[in-house]
*Asks:* 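Pasting in a structure now, in C-alpha cells, and then I'll have a few things to ask.
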Amino acid sequence: EPEILEDFNKLVQREDPDIITGYNIDGYDMPLLEERMKFNKVRFSIGRDYISPRRIMDQYWRLHGRVIDDTWWEVRKVLHPKHETLNYVSNMLLNEGKEDVNRLDIENEWKNRRDDVIKYCIKDARLALLIYRKIRILDRNLYLSTVSMLPLDDVTNGGTSTYVDSLLIRRADRENIGVPMSSSKFSNDTYAGGYVHTMDPGLYDMIVVLDFKSMYPSMIIKYNICFTTLSPEGTIVAPNGARFLDPGVKKGIIPDLLEQLMKNRDEVKKQMKEDKSNHDYLDGLQAAIKVLMNTFYGVLGTSFYRFTNREISSAITAYARNTITSIIADLDKSGNKVIYGDTDSIFIESGKKTLDEAIEYGNRLSSDISRKENLVLEFEKIMDPLFSHGAKKRYAGKIVYPPSSAGEILVRGYETRRTDSFDLQSEALSTVFDLILSRDVEGAKQYAEDLVKEVATGKIDTSKLVISRSVKNFSTYKNAGSMANVNAAKKLIDAGETFIPGMKVSWIVTDAGKTPQAVEPFIDGRKFTHTPDYVYYSKRLQETLNRVLESLDKEIAVFKNPQSKITDAFEEKPKKRDIEDFFK
DNA sequence: GACTGTGGCCGTGGTG
DNA sequence: CACCACGGCCAC
C-alpha cells in the first residue's frame with residue numbers, strides 16, 4: 001500500500017494538473033487518501049509545492065497550485081438533477097453509465113474478475129471528468145474569476161460574499177473607507193421581500209409579459225442606496241423610513257460599482273453583436289457580470305456578512321414593491337388588465353386578437369412606463385394561451401413571441417418542474433398542459449381519467465413511481481422518524497449503501513395507509529422487490545391533474561372571448577372532488 | 001454549513 | 001375534521 005500511495009503522489013506530480021476532479025472526492029476519495037497516507041506514514045505530497053492538501057471547515061480542500069473541484073457538488077449546484085448518482089447523471093448527460101461491478105462485494109469481485117474491477121474504476125473517474133467538461137463549470141468559474149478579480153480557487157470554493165468582498169473592499173480601500181472585519185452581530189429577524197400579485201384561475205389569451213431589467217441593482221442605483229450614504233440627514237427617504245444622501249452630496253460606492261458593472265455589461269453585449277467570432281467568450285462574461293450584480297442585494301440581507309444592513313436591504317425591497325404596485329395600480333386605472341406579477345414582472349391581458357397588435361401594445365407599454373419611471377421595463381414575451389389554476393408562482397403558457405422561442409411551452413412551479421415529483425406525475429401533467437394549451441380541455445380530461453384508473457390497477461412501470469428528496473443530518477429534524485425521506489435514507493444505510501448528509505435519496509411508497517407511510521429505498525442498478533402502493537400513486541396523480549383540470553371545469557367559453565372577465569366565470573368555486581367522483 | 005435574500009405551494013403528520 | 005407546523009423545493 002505505501003508503494004501505491006507513493007506512486008499516486010508521483011503520478012500527480014508528473015501529470016501536473018491544474019484541476020483535480022472526481023465524483024464526491026471532497027467527501028470520500030480525499031479523506032480516504034489522507035487517512036491511508038497517514039496510516040502508512042507517506043506524505044500526501046500532491047501540491048505544486050509538494051505540500052499536502054488541507055481540509056477547510058470540514059467542507060472543501062485547499063491545495064497549493066491546484067484546484068480540487070468536486071464534480072458531484074458542481075452537478076448539484078448547476079443541474080439540480082432528479083437523482084444525483086454518477087450513473088444517473090452520466091446516463092442523462094452522456095448516454096453512458098457505470099460499469100457493472102458489485103461494489104458491495106468488491107473483495108470477491110477483485111478476486112474473481114480483477115480486470116473488470118480495474119475497468120470499473122477507470123470508467124468512474126472518466127465519467128466524472130466527462131461530466132465536469134460537459135457542464136462547462138470551469139468556463140463559468142473562470143468568467144466569474146475574471147469579473148470578480150478573484151483566483152479560481154476562491155470562486156470555486158468560496159460563497160457569493162467572497163465576490164462582493166473582492167470588489168467592495170478594493171473600492172473602499174481606494175477611497176479610504178474603513179471596512180468591518182466581520183459581522184458585528186448575528187441577527188435573526190427577517191424583513192419583507194418582493195410583491196406577488198394574486199392570479200385567478202383560467203386560460204388567458206395573448207398575455208404580454210413585462211420585466212424590469214435588474215430590478216434590485218436598479219433600485220440601488222436610482223436611490224443611491226449604500227452603507228456610505230445611509231444618514232439621518234439624507235433627503236432620499238425610502239418607504240421603510242431609511243434615509244440616503246443625494247448623489248449630488250455623496251455618491252455611494254455600491255451604486256457606483258453597480259452602475260459601472262451595468263455599463264460594462266452593456267458594452268460587452270454591444271461587442272457581442274459586432275464580433276460574432278468571440279460570441280461565446282463575451283456571452284460568458286456578460287452572464288458573469290449579471291450574476292455578480294445580483295449578488296449585492298442578497299449579501300446585504302444576510303445575518304452574518306460584514307456589510308449586512310437590514311435597513312438597507314429592506315429599503316431595496318420596499319422601493320421595489322412600491323415601484324411595481326404603483327405601476328400595476330396605474331395600469332388597472334387606465335383600463336389595462338394586470339393578471340399577475342412577481343417581484344419584477346407584470347403579466348397583462350392584452351385583449352388583442354392578432355400577434356402584431358399585441359407586440360405593438362407590449363412595446364408601447366414598455367417604452368411608456370420605462371420613460372415615466374426612469375427604469376428599464378423590458379417587453380419580454382407574449383404567451384397565448386396562459387394557464388393558471390389560481391396559485392401564485394405556478395403557471396403554464398405557450399410562448400408566441402419572441403420568434404426565437406415561439407412554440408415553446410413554458411411551465412413555472414408545477415410538478416413538471418419539481419425534482420421531488422415522480423416521473424409519472426410530471427409526464428402526465430406535461431401531457432395535460434400540452435392538451436390544454438392546444439385548447440383541448442376535453443381531451444385532457446379524458447386522458448387524465450384513463451390514466452388515473454390504469455395506475456390504480458398497477459399497470460405502470462415501477463421506475464416511474466420513484467420519489468426523490470434530499471436528506472440532511474438526521475439530528476437536525478424535529479421528528480425525523482415521521483419523514484419518508486429520512487426513513488428511506490435509514491433503510492439505504494441498512495442495505496449497505498453510502499449515505500452522505502445533504503444527498504438526495506430515492507424511494508417508493510409501499511403502504512401509505514401506515515403512519516408514517518411505509519417506504520422502500522430505490523437503488524440504482526438493483527432490482528426493486530417490493531410492491532408499490534398503487535392506490536396511493538393513483539390518488540396523488542389524481543390530485544395533481546385534478547387541481548389543474550377542475551379549475552377549467554366552468555367552461556371553455558372563457559378562452560373564446562379574450563375580452564371577457566375571467567373572474568366572472570369562476571364566481572362559484574367548483575366543489576372539490578375526490579377520487580370517486582373523478583371515476584364517474 | 002457547502003455561510004446571498006423573501007414569498008409561496010404542497011404533502012405529511014400531529015393536535016384538539 | 002379543521003387546523004397547524006414542518007420541510008423541501010421552487011419563482012423571483
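As the structure is a prediction and not an experimental result, all values here were calculated from the model. Proteins come first, then strands; the chains are lettered A, B, ... in the order of their sequence lines, and each starts at number 1.
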*Asks:* Near DNA chain C, which residues from residues 504-518 of chain A have a heavy atom under 4.0 Å away?
*Replies:*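 Close to the strand are A/Lys504.
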*Asks:* Find the distance A/Glu543:CD to B/dT12:P and express it as a whole number of Å.
*Replies:*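 Answer to the nearest Å: 9 Å.
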*Asks:* Hey, is the side chain of A/Asn479 poking within less than 4.0 Å of OP1 or OP2 on B/dG14, counting only N and O atoms?
*Replies:*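 Checking B/dG14 against A/Asn479, a side-chain N or O does come within under 4.0 Å of OP1 or OP2.
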*Asks:* A/Thr343 has a side chain; which of C/dC12, C/dG7, B/dT4 sits nearest to it?
*Replies:*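 Selected nucleotide (nearest to the side chain): C/dC12.
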*Asks:* In whole Å, what is the span from the CG atom of A/Asp154 to the C1' atom of B/dA2?
*Replies:*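 Result: 15 Å.
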*Asks:* What is the nucleic acid contact for A/Arg76, judged by heavy atoms within less than 4.0 Å: base, sugar-phosphate only, or nothing?
*Replies:*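 Counting heavy atoms under 4.0 Å across all strands, no contact is made by A/Arg76.
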*Asks:* So, for A/Thr419 and A/His80, which heavy atoms are closest and what is the spacing to 0.1 Å?
*Replies:*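 Closest approach of A/Thr419 to A/His80: CG2-O, 3.3 Å.
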*Asks:* So, is A/Lys393 near the phosphate of B/dG7, with a side-chain N or O under 4.0 Å from OP1 or OP2?
*Replies:*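 No, outside the criterion.
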*Asks:* Send over the distance from A/Arg394 CZ to B/dC9 C1', rounded to a whole Å.
*Replies:*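 So the two atoms are 5 Å apart, to the nearest Å.
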*Asks:* Taking only the side-chain nitrogens and oxygens of A/His389, find out if one of them lies under 4.0 Å from OP1 or OP2 of B/dC10.
*Replies:*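 Answer is yes, contact under 4.0 Å.
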*Asks:* Round to the nearest Å and state the distance from A/Phe422 atom CZ to B/dG11 atom P.
*Replies:*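 It is 10 Å, rounded to the nearest whole Å.
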*Asks:* Distance check needed: C/dG8 P versus A/Tyr414 OH, whole Å only.
*Replies:*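 It works out to 24 Å between those atoms.
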*Asks:* Closest nucleotide of DNA chain B for A/Thr156 versus for A/Gly193: which of these residues is on the 5' side?
*Replies:*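 That would be A/Thr156.
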*Asks:* Considering only heavy atoms and no angle criterion, is a donor-acceptor pair shorter than 3.5 Å present between the side chain of A/Asp58 and the base of B/dA2?
*Replies:*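 No, the side chain and the base share no sub-3.5 Å donor-acceptor pair.
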*Asks:* So if I take every side-chain heavy atom of A/Ala391 and compare against B/dG1, B/dC9, C/dC10, which nucleotide ends up nearest?
*Replies:*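 Closest of the options to the side chain of A/Ala391: B/dC9.
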*Asks:* For A/Asn473 and C/dG7, what is the distance between atoms CG and P respectively, to the nearest whole Å?
*Replies:*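 The answer, rounded to whole Å, is 13 Å.
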*Asks:* Mind checking the P distance from B/dG1 to C/dG8? Whole angstroms is fine.
*Replies:*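 B/dG1 and C/dG8 have their P atoms separated by 11 Å.
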*Asks:* Indicate whether OP1 or OP2 belonging to C/dA11 is found under 4.0 Å from a side-chain N or O atom of A/Arg417.
*Replies:*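 Checking C/dA11 against A/Arg417, a side-chain N or O does come within under 4.0 Å of OP1 or OP2.
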*Asks:* Cation-pi check, A/Lys82 to A/Tyr88: give yes when NZ or CZ is under 6.0 Å from the six-membered ring centre and within 45° of the ring axis, no otherwise.
*Replies:*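 Cation-pi check for A/Lys82 and A/Tyr88: fails.
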*Asks:* Look at the side chain of A/Tyr60 and decide which nucleotide, out of B/dG5, B/dA2, B/dC10, has an atom nearest to it.
*Replies:*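 Shortest atom-to-atom distance from the side chain points to B/dA2.
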*Asks:* Side chain of A/Phe304 only, heavy atoms from C-beta on: which candidate in C/dA11, B/dC3, C/dG8 is closest?
*Replies:*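 Comparing C/dA11, B/dC3, C/dG8 against the side chain of A/Phe304, the answer is B/dC3.
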*Asks:* Go through residues 319-330 of chain A and report each residue with a non-hydrogen atom lying under 4.0 Å from DNA chain C, sorted by number.
*Replies:*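 The answer is none.
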*Asks:* Among the nucleotides B/dG7, B/dT12, B/dG1, which one has an atom lying closest to any side-chain atom of A/Gln59?
*Replies:*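 Out of B/dG7, B/dT12, B/dG1, the nucleotide with an atom closest to A/Gln59's side chain is B/dG1.
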*Asks:* Of the candidate nucleotides B/dG8, B/dT6, C/dA11, which contains the atom at the shortest distance from the side chain of A/Arg412?
*Replies:*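 Of all the options, the side chain of A/Arg412 is nearest to C/dA11.
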*Asks:* Centre of A/Phe474's six-membered ring, under 6.0 Å away, within 45 degrees of the axis: is that where NZ or CZ of A/Lys490 sits?
*Replies:*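 The answer is yes, since A/Lys490 meets both limits relative to A/Phe474.
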*Asks:* Roughly how many Å is it from CG in A/Leu167 to P in B/dT4, rounded to a whole number?
*Replies:*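 In whole Å, B/dT4 P and A/Leu167 CG are 15 Å from each other.
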*Asks:* Less than 3.5 Å apart, which donor and acceptor atoms pair up between the side chains of residues 293-301 of chain A and the rest of the protein, not counting sequence neighbours?
*Replies:*
from: A/Asn294; atom 1: ND2; to: A/Lys290; atom 2: O; distance (Å): 3.4
from: A/Thr295; atom 1: OG1; to: A/Val291; atom 2: O; distance (Å): 2.7
from: A/Tyr297; atom 1: OH; to: A/Tyr191; atom 2: OH; distance (Å): 3.0

*Asks:* In this structure, how many angstroms lie between the C1' atom of B/dC10 and the CZ atom of A/Arg540, rounded?
*Replies:*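 Spelled out: CZ on A/Arg540 to C1' on B/dC10 is 9 Å.
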